[in-house]
Each structure stands twice: as structure tokens, then as C-alpha cells.
There are 2 protein chains.
Amino acid sequence: MARSVEFDEEQAIQKAMEVFWEKGYNGASLRDLTEAMQINSSSLYNTIGDKKELFLRSVQRYADDRRKDSKRRLESGKSAFDILIEYINDAVDVIIAKKNGCMAVKMAFEVGNTDKRVADVLKADSDFAFSFLRDLIKSAMKEGRISADEEPELLADYFNSTWTGWYESYILHKDGDKIRRMAQFFIKQISK
Amino acid sequence: MARSVEFDEEQAIQKAMEVFWEKGYNGASLRDLTEAMQINSSSLYNTIGDKKELFLRSVQRYADDRRKDSKRRLESGKSAFDILIEYINDAVDVIIAKKNGCMAVKMAFEVGNTDKRVADVLKADSDFAFSFLRDLIKSAMKEGRISADEEPELLADYFNSTWTGWYESYILHKDGDKIRRMAQFFIKQISK
DNA sequence: TCTTTTCTGAAACAAATGTTTCAGAAAATT
DNA sequence: AATTTTCTGAAACATTTGTTTCAGAAAAGA
């Protein structure tokens, strides 16, 4: 039989993801990508495919990571309300600490209207986050920590869309305290 | 003396803006741009400058349009609260009706971290929207239509960042009712 | 009308893009 | 160890990119 693939595909996708994350789909060149992945373009085309395919896999990978993160949070044993608050605070930390914010948001705005396959992955990611939040909100309502005046579905959508604006604010103003204040206000509003 | 410029620069910038708006900075090629502007690249380089300069002017133009729109709203003679509600509802309409959402948001995510000059224009635009909203919120508080429990500055930031998430939601889910529900909830929350 | 200056169109430019080619190296099985 | 299959590296590919060139057309003033 023959020789087997030399490079670690998962590791390579991870590196590609980081490049796309920083430069965007159109801003990242094949040479940027293969250099970061430390593979030759022939290997890339032999295994993963072309640039579009690599991008799809990168976004997919990002979504997978988020899904794992959500699972981890659910298994933490904390109360639903506490998980929600921690989730919000962690989102704030990501916005402020990570140089490039949330990849899903960035890509939604760059290619969400043009690349159907990527848009579907992002939509599925958003749907998953929605369920995650809706269930937590429902539980937090039962715990009596969140006012049950509104439908959990509406609140979940509202939650989900709220961080996005914080990302934009941080990109433009680089003001961490501003984000923290908005987050505190948000928490205060939904708490009972 | 000599011949004068043949094409209408303002009209050309307008066309360029539309192309950038749809395709993004990296996604728009010089040929896309000059075709839409209906001018030769030599004319472009003779008058406006290179691609970066054209982009800057396009973003600038977008910001100018928004400023004019805000001024128009202030001069409408309506109450501050009504202006705010109308502003929110119009934002919702733009999200749902316009194919490409808000240009400022899109560009903030694409080049906000890499192109300093564009980022400055976007920041100034955001600052202007902030003042516009803060003043309206202050007035609406005096009118007794918005609860004065929070600082107008915080609410203005909160307002300003809220639409962004709605844009993202609409790109992914194409669900106008979802946006309208979030907007209604938002209005309900801030109303007294 | 003639001159002078400047703008425009088409073509050309080098560099960068995404992708393919292929000879030889490398591994797995026999 | 020989064989066979497949992977890899470097180079080449055709396009597309952003930008420049320049001859001639066009306008304004003399």
C-alpha cells in the first residue's frame, strides 16, 4: 500500500481558521493560509479541497468549538441563572481580550449574503445558541431568577443578538468599560 | 486653459459606495468599481486616488448621509420620544428591506481592526449617533416618556449597539417578524 | 482659430491570486 | 527488500488584481 498523509488535518484547519478569523475570507490569500498551516498547496488540494472548502471547514470548526463550550457549561452543575450570567460575562471578556472578536459575527457580515453553504453553517450555529439560551432562560424562570413576563424564545433571540453590537462597539471605541456597563445593564434588566 | 473633468464625482462616489456596500472592501475589484462608476481607471486615479482613498470617500459619504438623516429627524418637530420610536422602526425597516443592511456595521467588522483611517470615520459616525441618541433620550426623559433611572449616556450606547445584532439575525434567519418582535420588546423596555 | 492644458480610453504593467502539474520522496504492504 | 501507491515540494499555470502609461480627444482661453 501507500504512504499516508503527513500533516495533522485538524491542526491545519485550526490554523486556517485563525487566518480567516483575522483577515476575513477575501482578505486571506492561499499563501497566507498554507504558510500558517505549514503545508503545501498541493497537499491542501489533495485532502481538504479548494479555498471555499477550507473556509467552510474552518467555520464549521468554529461552530463545533462553540457547541462543545456550551455543553461544558450545561454540565457545570451550576444553576441556570448562574450559567447565563457567566455566559454573558465570558462573552464580554472575549470581546475585550480577543483581538478579533467573534468569528461567526464577522463572517456573517462578510459572506452571509453571498455564500449559501457558509450561511447555513452560521445559521445552524445561531440556532444552536438559541436553543441553548432558551432552555437556560426557561430554567432560570423556574428558579425565579428571571421575570417570566416575556416568552423565553423572544428573550433568547434578544440575548443572542445583543453581543453582536458590543463587538462592534469595542472594535470602534476600544472601550472595555463601556462594554461592561452595557452588560451590567443588560443583566439588571433581565434579572428579577 | 484646459479641459475640465467630465464625470460627476459625487455621483461616481455614490456608485462606488454601492459596490463596496454589496461586496465589501476586499470583495470589490477595481474593475467592479470603475464599471459601476462608468469611468476609466485613469480618471479615477487622476481625481479621487487609489482604491483605499475611494473606499474612504465612500464610507465618508455614507456617514454624511446618516448625519443629514439625523438632522432631518430633529427638525421634524415631533416629540423626542416619537423621534426615537420612529428611528427604531425605520432601522427595522432598513434591516428588512435593504438587501445589504447597514454599511457602517459591515465595514466595521471587515476592516475596523486593520484600516485606521476608515476606523476613524466609523468611530466619528458612531460618536455622532451617540450624541444624537443621548440628547433625544434626555429630552424624552424630560417629557416623562422614558424612565430616568438610567443615565442617558448608557442608554444611548445601548441603543446604538442594539441594531447591530438585529442586522446579523436578519442576515442569517431572514425573519422579519423576529426583528419586529425584538424591536417591540426593546421599545417596551425603555418606555415608561 | 489656434494654442495650451488636461482629461479620457485602451492597453499594458508587474505583482498577486487561486489552482494544477509532476518528478521524486516516503511509507505501507508483500 | 522489493513493489506499489500516495503524498509532498517546488515550480508553473492562467487569471485577476491594483496601478500606470501614453497618444489622442476635448475643452477653455488667447
Side-chain angles (χ1 to χ4, degrees), chain A residues 1-61 106-107 110-111 114-118, chain B residues 1-61 106-107 110-111 114-118:
Chain A
M1 292 292 279
R3 181 174 180 194
S4 44
V5 180
E6 206 171 71
F7 69 97
D8 181 339
E9 195 164 313
E10 287 310 302
Q11 213 166 298
I13 296 275
Q14 170 74 29
K15 287 292 177 189
M17 184 185 82
E18 289 166 14
V19 174
F20 280 129
W21 197 339
E22 190 194 330
K23 308 199 168 192
Y25 175 73
N26 286 302
S29 77
L30 250 293
R31 277 149 187 87
D32 290 337
L33 291 162
T34 50
E35 189 193 357
M37 299 165 80
Q38 301 234 58
I39 64 170
N40 190 276
S41 59
S42 73
S43 299
L44 171 62
Y45 279 79
N46 261 345
T47 52
I48 295 160
D50 64 7
K51 189 186 179 186
K52 275 197 136 66
E53 201 65 37
L54 177 61
F55 183 57
L56 191 69
R57 293 278 300 270
S58 299
V59 176
Q60 189 75 257
R61 155 64 80 91
K106 182 166 175 158
M107 298 317 171
E110 188 182 352
V111 303
T114 51
D115 188 327
K116 178 81 175 63
R117 294 170 68 203
V118 171
Chain B
M1 290 294 280
R3 180 175 180 191
S4 43
V5 180
E6 207 172 71
F7 69 98
D8 181 340
E9 194 165 313
E10 285 311 302
Q11 214 166 297
I13 296 276
Q14 170 75 28
K15 286 292 179 190
M17 185 186 83
E18 288 166 15
V19 174
F20 280 130
W21 196 339
E22 190 193 330
K23 307 199 167 192
Y25 174 74
N26 286 303
S29 77
L30 249 293
R31 276 148 188 90
D32 290 336
L33 291 162
T34 51
E35 189 193 358
M37 299 165 82
Q38 301 236 54
I39 63 170
N40 191 275
S41 59
S42 73
S43 299
L44 171 62
Y45 279 79
N46 261 345
T47 52
I48 295 161
D50 64 8
K51 189 185 179 187
K52 275 198 136 64
E53 202 65 38
L54 177 61
F55 183 58
L56 190 69
R57 294 277 300 272
S58 299
V59 176
Q60 189 75 255
R61 153 66 80 91
K106 182 166 175 157
M107 297 317 170
E110 186 182 353
V111 303
T114 49
D115 188 327
K116 178 83 173 64
R117 294 170 70 205
V118 171

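From a predicted model like this one, the values you see are computed outputs, not experimental measurements.
- A salt bridge is absent between E35(A) and K15(A); no separation between the charged side-chain nitrogens and carboxylate oxygens falls under 4.0 Å.
- Nucleotide dT19(C) holds its P atom 14 Å from the CZ atom of F55(A), rounded to whole Å.
- Atoms CD (E35(B)) and P (dG18(D)) sit 14 Å apart, rounded to a whole Å.
- At dT20(C), none of the side-chain N or O atoms of Y45(A) fall inside 4.0 Å of OP1 or OP2 (strictly under the cut-off).
- Take R31(A) and apply the salt bridge (charged side-chain N to carboxylate O under 4.0 Å, His left out) test, not counting sequence neighbours, and it matches no residue.
- Nucleic acid contact class of S29(B) (heavy atoms, under 4.0 Å, all strands): sugar-phosphate only.
- Here dT17(D) presents its P atom at 10 Å from CG of N26(A), a figure rounded to the nearest Å.
- Of all nucleotides listed (dG9(D), dT19(D), dT19(C)), dT19(C) comes nearest to the side chain of R31(A).
- When the P atom of dG18(C) is taken as reference, atom NZ of K52(A) falls 11 Å away, rounded to whole Å.
- Taking atom NZ on K23(B) and atom P on dG18(D), their separation rounds to 11 Å, with Å as the unit.
- Between K23(A) and E110(A) there is no salt bridge, since no side-chain nitrogen of the basic residue lies less than 4.0 Å from a carboxylate oxygen of the acidic one.
- Of the candidate nucleotides dT19(D), dA10(D), dA28(C), dA28(C) has the atom lying nearest to any side-chain atom of S4(A).
- Put simply, CD on E53(B) is 18 Å from C1' on dT20(D), counting in whole angstrom units.
- At a threshold of 4.0 angstrom between heavy atoms, the contacts of S41(A) include nucleobase atoms, whether or not backbone atoms are also involved.
- Picking from dT19(C), dT19(D), dT8(D) the nucleotide with the shortest atom distance to the side chain of L30(B) gives dT19(D).
- Across all strands shown, S42(A) has heavy atoms under 4.0 Å from base atoms, whether or not it also approaches the sugar-phosphate.
- Taking atom CD1 of I48(A) as the reference point, atom P of dG18(C) lies 15 Å away to the nearest angstrom.
- When atom types are taken as modelled, the side chain of K106(B) and the backbone of E22(B) share a donor-acceptor pair closer than 3.5 angstrom.
- Projected onto DNA chain C by closest heavy-atom contact, N46(A) and T47(B) fall at different nucleotides, the more 5' of which corresponds to T47(B).
- At dC7(C), none of the side-chain N or O atoms of S43(B) fall inside 4.0 Å of OP1 or OP2 (strictly under the cut-off).
- With rounding to the nearest 0.5 angstrom, the CD atom of E9(B) is 4.5 Å from the CD1 atom of I48(B).
- Comparing D32(A) and N40(A) by the nucleotide of DNA chain C that holds the closest heavy atom to each, the one mapping nearer the 5' end is D32(A).
- Nearest nucleotide to the side chain of K51(B), out of dT8(C), dG18(D), dT8(D): dG18(D).
- Rounding to whole angstrom units, CG of residue L44(A) and P of dC7(D) are separated by 13 Å.
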